[in-house]
Amino acid sequence: MAIGVKVVRRPDSVSYLRATLKGMTLTFGHLFRRKVTMQYPEEKSEPGWSLSPRWRGTHRMLTDEQGRAKCVACGLCPQICPANCIKLVPGEDEDGHRYPLIYEIDEFRCVFCGYCQEVCPEEAIHVGVHYENAEYDRGRFVYDLERLCAQTHPVSSLWDPADPRGE
Amino acid sequence: MSAELKGFLLVAVLKILVVFTAINVGVMMVIWLERRASAWMQDRLGPNRVGPEGVLQSVADGLKNILKEETFPVVGADRLLFFLAPAMSFVPALLTFSVVPFAAPLPGFDVTLPLLGRFTYTGPISMVVADLPIGFLFIMAISSLGVYGIVLAGWSSGNKYALLGGIRSSAQMVSYEIALGLSLVAVLLVAGNVTLSDVVAMQQRSVWFVFALTVGFVLFVVAAFAETNRLPFDLPEAEAELITGYHTEYSSMKFSMFFIAEYSAMMTMSALMATLFFGGWDIPFTPWDEQGPPSVGRTLATLGVFFVKMNVFVFTYIWIRWTVPRFRFDQLMQLGWKIMIPVALAYIVVVATTVYTLEALGWEVGPTYGLVLFGVNAVLLGALLFGLDHERLILGARQRARMAA
């Protein structure tokens, strides 16, 4: 038997009537208990519960002071992406700075593993603490660079091996 | 057309319209109540979006169901019966309420309307659609027709699970109908009449029959739960085993018809419990509601009381549903045939003997008469519940295993 299983011995004789009445008092009592339902669109968190900071949702590209994407088009994220959902075409300006010409993430293909954020040397691409992604059009799920930069939601803190419990 | 005939027709049509509408609106409210109450019992909130506190949820669902596509099973289904079955369970469920008196009578009237002429109605207007002299026998007859809808739905679907549900329901309803009828014989013995308004009048004169006929009430409640296919007797549906049984193949409004039928049957049974055992529209502890000439205020007050009584039972239906688990089929049959029917038969003998003795002693029907019956019933109920309890009559799995060993 599995560890920690508590075996309760059944009494030899059970009163059905008493059991039924006890059950009915229990269900009646629950009528007036505090409800656990969170009324979603209005309430998104409540005391004692909120979305984990380690939540990996749709992406966000961080920007520098001039509002340009921090991405240097090194190509590590499309390389590591297990779902192959990142499309990156690198470009280079006259000073030799590399930047992404095209940077697109197909959020439908994405498996939200967070490897892109982990691998990014510039801390540019992040998975976000965000989950409301409804669109009217399939095409809108391919996020381009402009859209990724425009996101404002908090970014995932990911899982830290040194601090496995997130303390 | 004479003024009397016109008055009669007006009253009849109005009563039918009001009761029909009230039942249909009531069904929607009860469905909403069931969903809210079940949610509350599970610490959830339930539907609370459509309208204030979600009361219009059933309207939204009804609208959705009317607009949804209807599907027909293609292989092995009987088209005609498949089409008829929802109506066959829907109509009897609505029909039964017509003999239930729901309030004190209204005063007659004599009015002259423009264009339509003079309408008169002499004497009190009884607040019942049809005050049939056969009373609850009519309800027994019509409510047993409801089983056809379920059986034919199961059979015509051409689906194994639906068929099993239909078979179960026919077996269940046939067996519990006997107990239901027998438990009402006791009411007949004491009230001396099957007409529901007379049963109400009798309870106003003595005591409510729940005291005079406690065992009968218990039997009636159990049988009524089984008749309406509600938990713990909802074996025709039994989601876990039968994918909802007889209405597996039904979609859109046809499915809704079964739903409405179930809930209106539930309401009728609750109304019957209130009428037969809880004094109907009688307001307790005051003779005000049954004496003197009829008035509108009295009708409204008694209607309110009836409404409350009925809804207590509707709530009990819901409450029981979310408390007691479903019976196994052999347990259901065991309870029906080995306990309910013999107990009901023995009970008839006891009640008949008591009534005969009391009449031989020359006692008039009144409070003391009722109290004597209550004493007899208290003893019987104690003995019955003691006998049934502690696995003495219904075998638990453990005891069965012990006996086999």
Side-chain angles (χ1 to χ4, degrees), chain A residues 1-55 57-58 129-138 140-141 153, chain B residues 33-50 53-54 218 221-222 225 231-233 312-313 315-327 331 334-335 339 381-403 405:
Chain A
M1 189 175 284
I3 300 164
V5 174
K6 188 181 162 198
V7 180
V8 181
R9 239 190 74 78
R10 276 208 191 183
D12 282 329
S13 142
V14 187
S15 166
Y16 290 128
L17 199 67
R18 191 162 153 264
T20 309
L21 291 178
K22 261 176 88 175
M24 287 178 75
T25 359
L26 184 78
T27 42
F28 196 78
H30 271 273
L31 279 178
F32 309 106
R33 293 251 185 109
R34 212 180 71 79
K35 307 302 174 218
V36 295
T37 309
M38 196 192 291
Q39 303 237 50
Y40 163 62
E42 291 90 24
E43 298 169 31
K44 288 176 183 171
S45 63
E46 61 184 17
W49 191 91
S50 62
L51 199 61
S52 166
R54 282 185 352 213
W55 175 270
T58 45
V129 185
H130 184 70
Y131 52 90
E132 286 159 327
N133 304 311
E135 294 287 353
Y136 285 103
D137 185 355
R138 289 180 68 87
R140 294 271 296 150
F141 280 94
H153 51 73
Chain B
L33 180 75
E34 159 117 52
R35 294 181 61 185
R36 282 313 299 261
S38 63
W40 289 333
M41 281 173 187
Q42 297 162 3
D43 293 345
R44 298 182 288 115
L45 284 172
N48 62 350
R49 294 284 159 155
V50 193
E53 287 297 308
V218 172
V221 168
V222 175
F225 272 61
L231 265 157
F233 305 108
V312 166
F313 289 109
F315 177 75
T316 311
Y317 261 108
I318 294 167
W319 185 11
I320 296 279
R321 173 170 182 188
W322 297 101
T323 304
V324 187
R326 185 181 300 128
F327 275 86
Q331 290 173 330
Q334 199 189 6
L335 181 68
I339 296 170
L381 188 71
L384 176 69
L385 292 180
F386 182 79
L388 283 176
D389 217 354
H390 287 279
E391 301 182 350
R392 279 188 200 91
L393 265 182
I394 306 175
L395 290 189
R398 248 172 87 85
Q399 199 173 7
R400 211 190 306 268
R402 215 179 294 144
M403 281 168 68

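The chains referred to below are lettered A, B, ... by the order of the sequence lines, with proteins before strands, and numbering in each begins at 1. These numbers come from the heavy atoms of this one structure, side chains and all, not from hydrogens, waters or symmetry mates.
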Is the CD atom of E53(B) crowded by more than 12 outside heavy atoms at less than 6.0 Å? no
Parallel, tilted or perpendicular: which describes the rings of F315(B) and F28(A), with under 30° parallel and over 60° perpendicular? perpendicular
Please round to the nearest 0.5 Å and tell me the distance separating atom OG1 of T27(A) and atom CD1 of I320(B). 8.0 Å
Counting heavy atoms not belonging to W55(A), are there more than 12 under 6.0 Å from its CH2? no
Before giving the answer on side chain to side chain contact (heavy atoms under 4.5 Å, CB included), spell out for W40(B) and K35(A) the whole-Å C-alpha distance, their side-chain angles and the decisive distance to 0.1 Å. CA-CA 7 Å; W40(B) 289 333; K35(A) 307 302 174 218; 3.3 Å; yes
Kindly give the heavy-atom pair with the smallest separation between T37(A) and L45(B), and that separation in Å. OG1-N, 3.2 Å
Strictly by salt bridge (Lys or Arg N to Asp or Glu O under 4.0 Å), give each pair with a member in residues 37-50 of chain A just once, sequence neighbours left out. E42(A)-R49(B), K44(A)-E132(A)
Minimum-distance pair of heavy atoms, taken over all atoms of T323(B) and T20(A): CG2-O, 4.3 Å
